[in-house]
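Down below is the structure, laid out as structure tokens.
Per chain, numbering begins at 1; letters A, B, ... match sequence-line order.
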2 protein chains.
Amino acid sequence: MKIQLAIDRVTITRAKEIIEEAYPFIDIIEIGTSLIKEYGISSIKEIKDLFPKKTILADLKTMDGGEYEFKMAYSSGADIATVMGAASIDTIKVCYSVAESFRRLMMIDLLEVKYEEIYKFSEFKNAIFCIHAPHDKENNNISKLLNNFKDKIHNNVTVAVAGGIDFDDIPELKKFNIDIVIIGSAITGSGKIAENASKFKEML
Amino acid sequence: MKIQLAIDRVTITRAKEIIEEAYPFIDIIEIGTSLIKEYGISSIKEIKDLFPKKTILADLKTMDGGEYEFKMAYSSGADIATVMGAASIDTIKVCYSVAESFRRLMMIDLLEVKYEEIYKFSEFKNAIFCIHAPHDKENNNISKLLNNFKDKIHNNVTVAVAGGIDFDDIPELKKFNIDIVIIGSAITGSGKIAENASKFKEML
């Protein structure tokens with residue numbers, strides 16, 4: 001399993017410090033939605049320039065205007081950009097087409113998508129599917145979400161999981177066929193960034 | 001009906017020019033999602049500082065992390081901020097609570113919300129409900145959307161409508177009890193900004 005480090009609710013300076021500390025233990029750097037909305041798309045370019053060898057994900061959470069947003073993200077150095085599964089299928093199609101033309105990747109964020117609706121996305125063969133428990137909901141249950149989704153997603157697709165993941169969740173996550181584990185505050189808010197990132201890497 | 005001018009896919013400099021030209025004919029300035037994602041939250045402050053007497057809407061399209069995003073928008077001078085109706089109900093509750101504490105407004109963007117689900121939002125008494133046809137979908141039919149929603153929304157709520165609205169749509173829109181008409185490229189992309197904004201104002 002790869003580790004995607006989600007950077008949110010910090011300054012760009014602090015983001016860079018966090019990435020430097022966690023660098024050896026992570027695979028993907030996520031420029032969080034809050035960072036993009038606070039500092040704009042230049043946050044992606046700045047971080048890509050500093051860490052050109054890491055995969056950069058722009059958590060755009062696109063709901064509409066997919067072509068403009070996805071072109072902007074890829075042109076700024078993002079390797080992966082996110083669209084909401086809750087967006088219209090036309091929006092997701094537009095994003096996918098931009099992703100394919102840039103030879104980059106699209107992640108579909110399944111936040112608030114009902115598992116019965118997953119079949120709609122089967123045409124997006126190269127998409128990454130992100131099973132996502134919302135930050136704003138208390139008592140999230142990631143493994144329940146995973147159980148709901150596992151039969152709906154074709155075995156060959158790439159699956160990511162996100163939503164308040166901490167050390168306790170890892171044994172349960174390892175029972176599923178997950179490619180990317182997205183970790184945020186359990187690393188970034190810990191005060192022991194390198195130590196915790198290293199511990200996650202070891203566990204995974 | 002009020003006119004909300006949606007500014008998207010332009011530079012901040014161009015945004016300011018557009019607002020200056022349209023200024024006498026519009027009621028609400030919308031800092032579009034693309035502007036926020038491209039230039040960051042400072043785009044809101046910059047425009048509020050220049051046009052302090054107009055109502056400013058930050059089209060955050062929040063899907064998660066509601067508290068941080070809404071506080072950021074209101075602190076930067078936004079009078080209204082948007083959350084997606086497709087977000088989790090917990091996210092919308094958090095946004096509403098921030099809006100109430102700032103004594104500002106929350107708009108719920110009903111993009112891709114099924115009209116059967118509208119009842120979920122009845123607790124948000126002071127929210128503005130935005131009936132929204134996606135930019136990425138061809139052959140949008142605003143009046144069909146409005147017909148679907150009109151019985152579901154309590155008469156006392158404030159209703160906005162968005163999605164590729166042009167002059168042709170106005171006679172139809174006037175049949176509904178709409179408070180805010182959101183207009184974007186029919187004004188901003190026209191090359192005749194003042195003229196078209198004035199024409200919309202007259203028609204409404």
Q.
Within the supplied structure, the quantity of interest is the number of heavy atoms (other residues, nucleotides, ligands) at a distance under 6.0 Å from B:K2 NZ; does it exceed 12?
A. no
Q) Is there a donor-acceptor pair under 3.5 Å between the side chain of B:K37 and the backbone N or O of A:L60? A) yes
Q: Please check if the side chain of B:D136 supplies one atom and the backbone of A:G65 the other of a donor-acceptor pair under 3.5 Å.
A: yes
Q. Atom OG1 of B:T82 and atom CE of A:M63: how far apart are they, to the nearest 0.5 Å?
A. 10.5 Å
Q: Give the C-alpha distance, both sets of side-chain angles, the deciding distance and a yes or no for salt bridge (Lys or Arg N to Asp or Glu O under 4.0 Å) between A:K114 and B:E117.
A: CA-CA 13 Å; A:K114 292 188 181 68; B:E117 290 178 359; 3.6 Å; yes
Q. Just wondering, do A:T33 and B:E69 contact through their side chains at under 4.5 Å, heavy atoms?
A. yes
**Q.** Over 12 non-hydrogen atoms of neighbours within 6.0 angstrom of NZ in B:K71
**A.** no
Q. Who among B:I44, B:L35, B:L111 has the most heavy-atom pairs with chain A under 4.5 Å?
A. B:L111
Q) Does atom CD of B:E67 have more than 12 heavy-atom neighbours from other groups under 6.0 Å away? A) no
Q. More than 12 non-hydrogen atoms from neighbouring residues, nucleotides or ligands closer than 6.0 Å to NZ on B:K120, yes or no?
A. yes
(Q) Can you tell me which portion of B:T62 sits under 4.5 Å from chain A's heavy atoms? Options are side chain, backbone, both or neither. (A) both
Q. Looking only at heavy atoms, what is the nearest atom pair of A:M72 and B:S34, with distance?
A. CE-O, 4.3 Å
Q) How far does NZ of A:K61 sit from CE of B:M84, to the nearest 0.5 angstrom? A) 13.0 Å
Q) What part of B:Y39 is in contact with chain A, defined as an atom under 4.5 angstrom from a non-hydrogen atom: side chain, backbone, both or neither? A) backbone
**Q.** Qualifying residue for side chain to side chain contact (heavy atoms under 4.5 Å, CB included) with A:H135, from B:V94, B:D64, B:D90, B:T91
**A.** B:D64
(Q) Show the nearest heavy-atom pair for residues A:A87 and B:E112, with the distance to one decimal. (A) C-CG, 3.7 Å
Q | NZ/A:K45: more than 12 non-hydrogen atoms of other groups inside 6.0 Å | A | no
